[in-house]
A.B. asks: 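Okay, handing you the structure first.
Letters go in sequence order (proteins before strands), and every chain restarts at 1.
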There are 2 protein chains.
Amino acid sequence: MTGTSTRVSSPTLDEVAVLAGVSRATVSRVVNDSPRVSPEAREAVRAAVAALSYVPNRMARSLVTRRTDTIALVLSEPDARIFSDPFFASIVRGLNGALASTDINLVLLTARDEREQEKAGRFVRQGHVDGVILMSLHSHDVLPDELIAAGMPLVLCGRPLDDRPVAWVDADNCGGARLATEHLLADGRRTIASISGPRDMVAGLDRLAGYRAALSDAGHEADPRLVVEGDFTEGGGARAMEELLDRAPELDAVFVASDPMAVGALRVLHAAGRSVPGDVAVVGFDDAPVALRSDPPLTTVTQPLEEMTQVMIELLLAQVDRTADGVQTRVCPTRLVRRASA
Amino acid sequence: MTGTSTRVSSPTLDEVAVLAGVSRATVSRVVNDSPRVSPEAREAVRAAVAALSYVPNRMARSLVTRRTDTIALVLSEPDARIFSDPFFASIVRGLNGALASTDINLVLLTARDEREQEKAGRFVRQGHVDGVILMSLHSHDVLPDELIAAGMPLVLCGRPLDDRPVAWVDADNCGGARLATEHLLADGRRTIASISGPRDMVAGLDRLAGYRAALSDAGHEADPRLVVEGDFTEGGGARAMEELLDRAPELDAVFVASDPMAVGALRVLHAAGRSVPGDVAVVGFDDAPVALRSDPPLTTVTQPLEEMTQVMIELLLAQVDRTADGVQTRVCPTRLVRRASA
DNA sequence: CGGGGGCGTGAGAACGCTCTCACGGCCGTG
DNA sequence: CACGGCCGTGAGAGCGTTCTCACGCCCCCG
């Protein structure tokens, strides 16, 4: 084709060794930054590596080291919605950031249905990765148990519903909801409603629990009229808000379990002629980008994404290195971000 | 720990062979569905495999077969916006669908900055995957050239700006834009404006070209006032629409190069008291989910995502199997979806 | 009844790397 | 001057597969 001859396959350690005039072992040492190499040998190898544009064969290396230096983030989510979730993008960014200083790679695996989940499970068990971070917002996958049984290092992103013996990292959803509700109480609000998340998601449950706990601590009686379940989407939030206005027109505050839902609620309140925060105070959750752009900008609860992803990696690598003692879990503190809506 | 003894490492082919009372080769044959195995031997091996819950070691296998049965979709995009792009989610779904009937795995790699791009490049070149589908909406990555030089099978998702010798698949953006504009013309619209995509994205350029071509074919003179550049986001579309109304208040139609931008434009038209499609007809592009929910539902241009992903896989696998002749490219036809906005 | 052609099987050599071990050479010490 | 130790190096044995051969066996046909 062009002037340069195209090889069919990549050069091997042996070829580098021959070109550098040393043994395979020495080339390996240089490639792996072993200190026990003379400067001359190192230089010769470096030159040969560059000349052949040698790249070590990971398969061969992994076969002996039993390490792939790759971890997988598997998204076990039925619908594609997960991608549009800004929370998800932040997790990916955070994980990549936490791995930036290492030579560990992050790959994403999606598993929408059972079939794909099985495929992902096989991929993982075949030894393509050293460990797995599993993001599964809804409950009941088989994947976790399968991976645990296979002895695969595993960290869940988000607390599991049941108490399986598995490592996980989550934000303090309950505490955050409590913070939000207490803020509303401190503001003198009397009738505080809530748009909750789905009952089959732990985050939804925990945020609802925090809201209830704060109210009960303040001596409020539980009023089932005041809680409507949403689905974490803007449309769902709008519908829930309509229902809420219908059920309890006297409400003067709403704790909404996600920012997109809060944006939907804001729209409905607007349309209903209620001023925010004058008539109704609104607090969201997640500190999504949309919270800044909403009108008015949303007071919300923020999660320490950076810290969470960092911890996930730590817990996972501890398992990979077999230095983990027992099953570790971690709850990261959430924080209230005051803006204009409450 | 528990009753079952936990092994440190997974069983090997040899152990299965011993348990089944056959040789390593026979086990390999069974595992790989070779027909040349007696039913009895096959059954014995099956049982042994199940008993040990044996999973073949991919590293060892790949070392000899030089195949990983894995392809990567790399997202070479600076910001995280790509995740929230519904187009992207569809691509992932489509690719997974196209691979569902095979035993080929799809992994996603993100590469936000140069550093991560380099990491992804290394990952790929080390032999973790058989081929790469590259999605890079903006121009000028080094990755493609690097992969081509390394002889890595590669298909671009979207036509590249320059004419590199690389396989790619794209929608007929130009044709779609033309369709949309011709529809507007046929509707009797006189002053047809356009909110274009960014100039550094091929999709933006092509859609603009199609719009211009349709107008010019219809004998319209090019009017630079009538084109404002957007950034493919809703906010950007709104801003562009404002500018357009300012520059050319007499316009009676707009071809918007993406649905999110069209939604923004709709909002602004609404606020300006223009009825759609009465005063101003609007056509979008992409047939994003949001196009259905907008008010009025958006007439838009749809891309054959299913076909595109299917073709990408075909072109890629042809390269992997070395049955590809030359550099293949494919433009998939777009179609106008008539709804209420035009 | 003998020979050829499957067909099922097993032995053993790869695949490209790491890692242990042993071996010279040089230093410092007694 | 002799000897122990360390340092750079290379030989060679794996790692868990696949794949090529060669080898019996049985069956069919002449």
A.B. asks: Examine the side chains of A:Asn96 and B:Arg115 and answer whether a donor and an acceptor come within less than 3.5 Å of each other.
C.D. replies: no
A.B. asks: Out of A:Val74, A:Leu154, A:Val166, A:Val142, which one pairs with A:Leu147 under the side-chain contact (heavy atoms from CB on, under 4.5 Å) rule?
C.D. replies: A:Leu154
A.B. asks: A:Gln126 CD to D:dC15 P: how many Å, rounded?
C.D. replies: 21 Å
A.B. asks: If the threshold is 4.0 Å, N to carboxylate O, is there a salt bridge linking A:Asp321 and A:Arg67?
C.D. replies: yes
A.B. asks: So, is B:Thr26 near the phosphate of C:dG8, with a side-chain N or O under 4.0 Å from OP1 or OP2?
C.D. replies: no
A.B. asks: Show your working on salt bridge (Lys or Arg N to Asp or Glu O under 4.0 Å) between A:Arg58 and A:Asp69 and close with a plain yes or no.
C.D. replies: CA-CA 9 Å; A:Arg58 270 321 297 229; A:Asp69 291 329; 3.3 Å; yes
A.B. asks: If you find the nucleotide of DNA chain C closest to B:Arg24 and the one closest to A:Thr65, which residue's nucleotide is nearer the 5' end?
C.D. replies: B:Arg24
A.B. asks: Measure the distance from CZ on B:Arg36 to P on C:dG6 and round it to the nearest whole Å.
C.D. replies: 10 Å
A.B. asks: With respect to the phosphate group of C:dT18, does any side-chain polar atom (N or O) of A:Ser28 fall under 4.0 Å of OP1 or OP2?
C.D. replies: yes
A.B. asks: Below 4.0 angstrom, N of the basic side chain to O of the carboxylate: do B:Arg330 and B:Asp170 qualify?
C.D. replies: no
A.B. asks: Side chain of A:Ala25 only, please: which of D:dT18, D:dT17, D:dA11 is the nearest?
C.D. replies: D:dA11
A.B. asks: Could you check how far CD of A:Glu43 sits from C1' of D:dG8, rounded to whole Å?
C.D. replies: 17 Å
A.B. asks: With respect to the phosphate group of C:dT18, does any side-chain polar atom (N or O) of A:Asn32 fall under 4.0 Å of OP1 or OP2?
C.D. replies: yes
A.B. asks: Considering only side-chain heavy atoms of A:Val37, which listed nucleotide, D:dT17, D:dT9, C:dG10, is closest?
C.D. replies: D:dT9
A.B. asks: What's the closest nucleotide to the A:Val64 side chain, out of C:dT9, D:dC7, D:dG14?
C.D. replies: D:dG14
A.B. asks: Send over the distance from A:Arg29 CZ to C:dC21 C1', rounded to a whole Å.
C.D. replies: 11 Å
A.B. asks: If you compare every side-chain N and O of A:Ser38 against the phosphate oxygens of D:dT9 (OP1, OP2), does one of them come in below 4.0 Å?
C.D. replies: yes
A.B. asks: What's the closest nucleotide to the B:Ser23 side chain, out of C:dG8, D:dG16, C:dG10?
C.D. replies: C:dG10
A.B. asks: In whole Å, I'd like the distance from the CZ atom of A:Arg67 to the C1' atom of C:dC17.
C.D. replies: 16 Å
A.B. asks: Can you check the A:Glu15 CD to C:dC15 P distance for me, whole Å?
C.D. replies: 11 Å
A.B. asks: Remember a base hit wins even if backbone is also touched, and classify A:Arg58 as base, sugar-phosphate or nothing at under 4.0 Å, heavy atoms.
C.D. replies: nothing
A.B. asks: Using whole Å, what does the distance between atom C1' of nucleotide D:dG16 and atom CG of B:Leu13 come to?
C.D. replies: 7 Å
A.B. asks: Between D:dT17, C:dT9, C:dG16, spot the one nearest the side chain of B:Ala60, thanks.
C.D. replies: D:dT17
A.B. asks: Measure from CG on A:Asp14 to C1' on C:dT18 and round the result to the nearest Å.
C.D. replies: 13 Å
